[in-house]
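Keep in mind that the numbers below use all heavy atoms, side chains included, and drop hydrogens, waters and symmetry copies.
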Amino acid sequence: MSTLGLSAVATEWPEPILRVQELAESGPKYLPPNYVRPPQVRASATAVAPVPVVDMSAFSSGDEYQRRICMQSLSSACREWGLFQVVNHGIPHELLTSAMAVSRGFFSLPMEEKQTYANDPVTYEGYGSRMGVQKGITLDWSDYYFHHLHPVSARKDYQKWPRQPHNYREVVTQYWDKVFLLCKQLFTVFSSSLGLPEETFTDCFGGEQNLGASFRMNFYPKCPEPQLALGLSPHSDPGAFAVVQQNGVSGLQVNKDGTWYSVDPVEDALVIIIGDQMEIATNGVYKSADHRTSVNGERERMSLVVFINPEGEKKIGPIDEMVKMSGGFRIFDEMTFNEYRKFIRILGVQGKEILASRASKHNGGGRRGPPSLSSASIMQTS
């Protein structure tokens with residue numbers, strides 16, 4: 001594949017966009033060829049992932065024993081799986097339900113109205129149906145809507161937020177306010193779990209006021225041949241971590257040691273998925289989760305995802321204390337988050353290949369970049 005330059009991703013997608021929801025509602029009997037996965041990468045999960053369900057209230061209670069048990073469970077999950085679920089997280093059931101309802105409400109709008117929010121590969125903000133600008137790739141069986149939440153200046157007066165349903169902006173803002181409180185608590189817990197000062201990760205990623213946060217609602221319509229498709233290709237999230245609400249329909253899967261496991265929904269629980277920047281900052285101690293989504297022939301599925309990201313221009317590398325714990329061995333090089341996510345905006349999701357490209361030149365021969373995109377070309381691409 002030739003190296004991609006700035007013009008390759010300047011303004012438009014490489015092929016006409018077909019909305020998966022519209023395709024599904026037309027009643028096809030067979031899956032279109034451009035959604036069919038090769039047999040070796042089709043979604044089959046052998047078992048339910050034994051990841052812990054962590055009670056977040058333990059971290060603010062006076063019960064030191066329960067706090068220690070929950071901390072051990074969380075730390076073990078971050079090291080082994082890259083994800084866990086949380087309950088008693090401070091977000092009321094009614095607000096979880098309302099956020100899911102207004103998000104589903106957007107996908108119930110007439111197609112001509114949804115199309116007014118059609119996105120592009122420059123920012124991804126708005127209504128989308130694909131990732132990456134490679135032509136001819138196998139597509140995911142899903143549509144999505146993506147917009148920013150934080151810092152407040154990134155919202156741009158809600159220009160990129162849906163105007164309908166009429167209470168969308170009010171509900172999602174309330175939802176984000178509660179999720180942000182949870183995220184601040186998680187940053188503190190992550191730091192403490194590694195024996196670091198509580199403010200370590202907040203400071204590492206740019207400070208509370210400068211942290212980035214974005215919202216993505218994923219819609220997975222019923223699929224005529226679900227065994228042949230994926231709702232979302234295998235990938236690790238580029239940021240610090242993600243907070244995921246599922247609508248009660250299974251589909252999220254995580255890869256551990258080459259085996260895919262289901263992460264089944266727990267009522268009112270949220271899934272916390274560790275991202276690449278957390279793996280980088282911890283010098284590989286905490287692992288970002290290689291995950292994907294299957295689809296369903298009988299029921300539609302939705303998920304709401306809040307991504308927590310570093311400040312875009314802040315360089316992220318292994319925290320000095322974590323390097324010392326590793327005997328001075330630094331696994332990853334520094335790079336700003338904006339530079340890092342350029343890989344994904346060009347190539348789309350690539351499992352954990354993009355994280356592997358960050359391997360330090362001092363680590364004994366780690367690859368310096370994905371084979372289809374040199375480090376030099378990244379610097380020239382937006």
Q) Got a second to check how far Ile272's CD1 is from Cys183's SG, nearest 0.5 Å? A) 7.0 Å
Q | Residues Thr282, Ile319; criterion side-chain contact (heavy atoms from CB on, under 4.5 Å); working and verdict | A | CA-CA 6 Å; Thr282 63; Ile319 296 169; 5.8 Å; no
Q.
Here's a test for you: under ring pair (Phe, Tyr, Trp, His ring centres under 6.0 Å), which of Phe215, Tyr168, Tyr117 qualifies with Phe106?
A. Tyr117
Q: Indicate yes or no: at least one non-hydrogen side-chain atom of Ser294 is less than 4.5 angstrom from one of Gln227.
A: no
Q | Test log, rule side-chain contact (heavy atoms from CB on, under 4.5 Å), inputs Leu181 and Asp177 | A | CA-CA 7 Å; Leu181 293 176; Asp177 288 343; over 6 Å; no
Q. Under a 4.0 Å N-O cut-off, is there an ion pair linking Asp140 with Arg37?
A. yes
Q) Is a side-chain N or O of Asn283 found less than 3.5 angstrom from the main chain of Phe329, in a donor-acceptor match? A) yes
(Q) Hydrophobic clusters here meaning ILVMFWY residues chained together by side-chain heavy-atom distances under 4.5 Å, can you tell me if Leu252 and Val51 are in one? (A) yes
(Q) Side chains of Thr293 and Gln253, heavy atoms from C-beta outward: is any pair under 4.5 Å? (A) no
Q: Measure across Pro14 and Val133 and return the closest heavy-atom pair with its distance rounded to 0.1 Å.
A: CG-O, 3.4 Å
Q: Would you please indicate yes or no on a ring centroid separation below 6.0 angstrom for Tyr145 and Phe219?
A: no
Q. In this structure, are over 12 heavy atoms from other groups packed under 6.0 Å from Arg299 atom CZ?
A. no
**Q.** Cation-pi check, Lys256 onto Trp81 ring (under 6.0 Å, within 45° of axis)
**A.** yes
(Q) Taking the side chain as everything from C-beta on, heavy atoms only, tell me whether Val87 gets closer than 4.5 Å to Asp268. (A) no
Q. If you round to the nearest 0.5 Å, how far is CG of Asn34 from CG of Leu18?
A. 8.0 Å
**Q.** Plane angle bin for Phe241 and Phe190 - parallel if under 30°, tilted between 30 and 60°, otherwise perpendicular
**A.** perpendicular
(Q) Angle between ring planes, Phe307 versus Phe146, binned at 30° and 60°: parallel, tilted or perpendicular? (A) tilted
Q. Taking all atoms of both residues into account, what is the closest heavy-atom pair of Val54 and Phe59, and its distance?
A. CG1-CE1, 3.8 Å
Q: Mark yes or no: Arg216 above the aromatic ring of Tyr144, with NZ or CZ under 6.0 Å from the six-membered ring centre and no more than 45 degrees from the axis.
A: yes
Q: Determine, step by step, whether Leu109 and Arg163 satisfy the side-chain contact (heavy atoms from CB on, under 4.5 Å) criterion, reporting the C-alpha distance in whole Å, the side-chain angles of both residues, the deciding distance to 0.1 Å, and the verdict.
A: CA-CA 11 Å; Leu109 296 174; Arg163 292 179 293 274; over 6 Å; no
Q | Presence of salt bridge, Glu208 and Lys184, under 4.0 angstrom | A | yes
Q) Between Val305 and Asn218, is any pair of side-chain heavy atoms under 4.5 Å apart? A) yes
(Q) Any side-chain to backbone donor/acceptor pair from Gln21 onto Phe107? Under 3.5 Å, distance only. (A) yes
Q. Is there a chain of hydrophobic side chains (I, L, V, M, F, W, Y, each step under 4.5 Å between heavy atoms) that links Leu96 to Met56?
A. yes
Q: Say whether, by atom type as modelled, one donor and one acceptor occur between the side chain of Arg169 and the main chain of Tyr158 under 3.5 angstrom.
A: yes
Q.
Treating Ser76 as the side-chain partner and Gln72 as the backbone partner, does any N or O pair qualify as donor plus acceptor under 3.5 Å?
A. no
Q: Report the distance from atom OH of Tyr286 to atom CE of Met322, rounding to the nearest 0.5 Å.
A: 8.0 Å
Q | 4.5 Å side-chain heavy-atom contact, Met278 and Val285 | A | no
Q: Please check if any side-chain donor atom of Tyr220 sits under 3.5 Å from a side-chain acceptor atom of Asn296, or the reverse.
A: no
Q: Output the distance between atom NZ (Lys314) and atom SG (Cys204), rounded to the nearest 0.5 Å.
A: 6.5 Å
Q) Does His235 use its side chain to pair, donor to acceptor, with the backbone of Asp290 at less than 3.5 Å? A) no
**Q.** Minimum heavy-atom distance Thr116-Glu112, with the two atoms named
**A.** CG2-O, 3.4 Å
(Q) Could you check whether Gln277 and Asn309, counting side-chain N and O atoms only, form a donor-acceptor pair closer than 3.5 Å? (A) no
Q. So among Pro32, Ser129, Pro224, Cys223, which one has a side-chain contact (heavy atoms from CB on, under 4.5 Å) with Leu23?
A. Pro32
(Q) Hydrophobic clusters here meaning ILVMFWY residues chained together by side-chain heavy-atom distances under 4.5 Å, can you tell me if Val263 and Met100 are in one? (A) no
Q) Without hydrogens or angle criteria, can the side chains of Ser214 and Tyr124 be said to hold a donor-acceptor pair below 3.5 Å? A) no
Q) Would a distance-only check, ignoring hydrogens and angles, find a side-chain to backbone donor-acceptor pair under 3.5 Å from Glu279 to Ser288? A) yes
(Q) Looking at every non-hydrogen atom in both residues, tell me the closest pair between Val172 and His147 and how far apart they are. (A) CG1-CE1, 4.3 Å
Q) Going only through I, L, V, M, F, W and Y residues with side-chain contacts under 4.5 Å, is there a path from Met325 to Val323? A) no
(Q) Are Tyr261 and Val48 packed together at the side-chain level, in the sense that at least one heavy-atom pair is separated by less than 4.5 angstrom? (A) no
**Q.** Ring geometry between Tyr35 and Trp141 (parallel below 30°, tilted from 30 to 60°, perpendicular above 60°)
**A.** perpendicular
(Q) Looking at every non-hydrogen atom in both residues, tell me the closest pair between Pro151 and Asn210 and how far apart they are. (A) CD-O, 4.5 Å
**Q.** Glu15 bridged to Arg130 by N-O distance under 4.0 Å
**A.** yes
Q. Nearest 0.5 Å, what's the OG-CD distance between Ser108 and Gln164?
A. 12.0 Å
Q) Do Phe84 and Ile273 have side chains that get closer than 4.5 Å, going by heavy atoms? A) no
(Q) Between Glu334 and Ile316, does the side-chain contact (heavy atoms from CB on, under 4.5 Å) criterion hold? Intermediate values first, please. (A) CA-CA 5 Å; Glu334 276 191 339; Ile316 308 297; over 6 Å; no
Q: Give a yes or no on whether the backbone of Gly328 and the side-chain of Ser326 come within a donor-acceptor separation of less than 3.5 Å.
A: no
Q: Would you please test Phe205 and Phe337 for ring-ring contact (aromatic ring centres under 6.0 Å, His included) and show each step?
A: CA-CA 9 Å; Phe205 296 133; Phe337 181 61; 9.0 Å; no
Q. Is the backbone N or O of Met71 less than 3.5 Å from a side-chain atom of Ser75, with the two atoms forming a donor-acceptor pair by type?
A. no
**Q.** Smallest separation among heavy atoms of Pro310 and Gly239, with atom names
**A.** CD-CA, 4.3 Å
Q) Do Val295 and Val271 share a hydrophobic cluster, counting only Ile, Leu, Val, Met, Phe, Trp and Tyr and linking them when any side-chain heavy atoms are less than 4.5 Å apart? A) no
Q) Ignoring hydrogens and geometry, is there a side-chain-to-backbone donor-acceptor pair from Asp237 to Gly275 under 3.5 Å? A) no
Q | Glu339 side chain vs Thr336 backbone, donor-acceptor pair below 3.5 Å | A | yes
(Q) Less than 4.0 angstrom from a charged side-chain N to a carboxylate O is my criterion; do Arg104 and Glu300 meet it? (A) yes
Q: Return the orientation label for the His150 and Trp176 ring planes: parallel under 30°, perpendicular over 60°, tilted otherwise.
A: tilted
**Q.** Glu267, CD: over 12 other non-hydrogen atoms inside 6.0 angstrom
**A.** no
**Q.** Pairwise side-chain contact, Ile91 with Leu270, heavy-atom cut-off 4.5 Å (strictly under)
**A.** yes
Q. What is the distance from atom CE of Met335 to atom CG of Asp276, rounded to the nearest 0.5 Å?
A. 11.5 Å
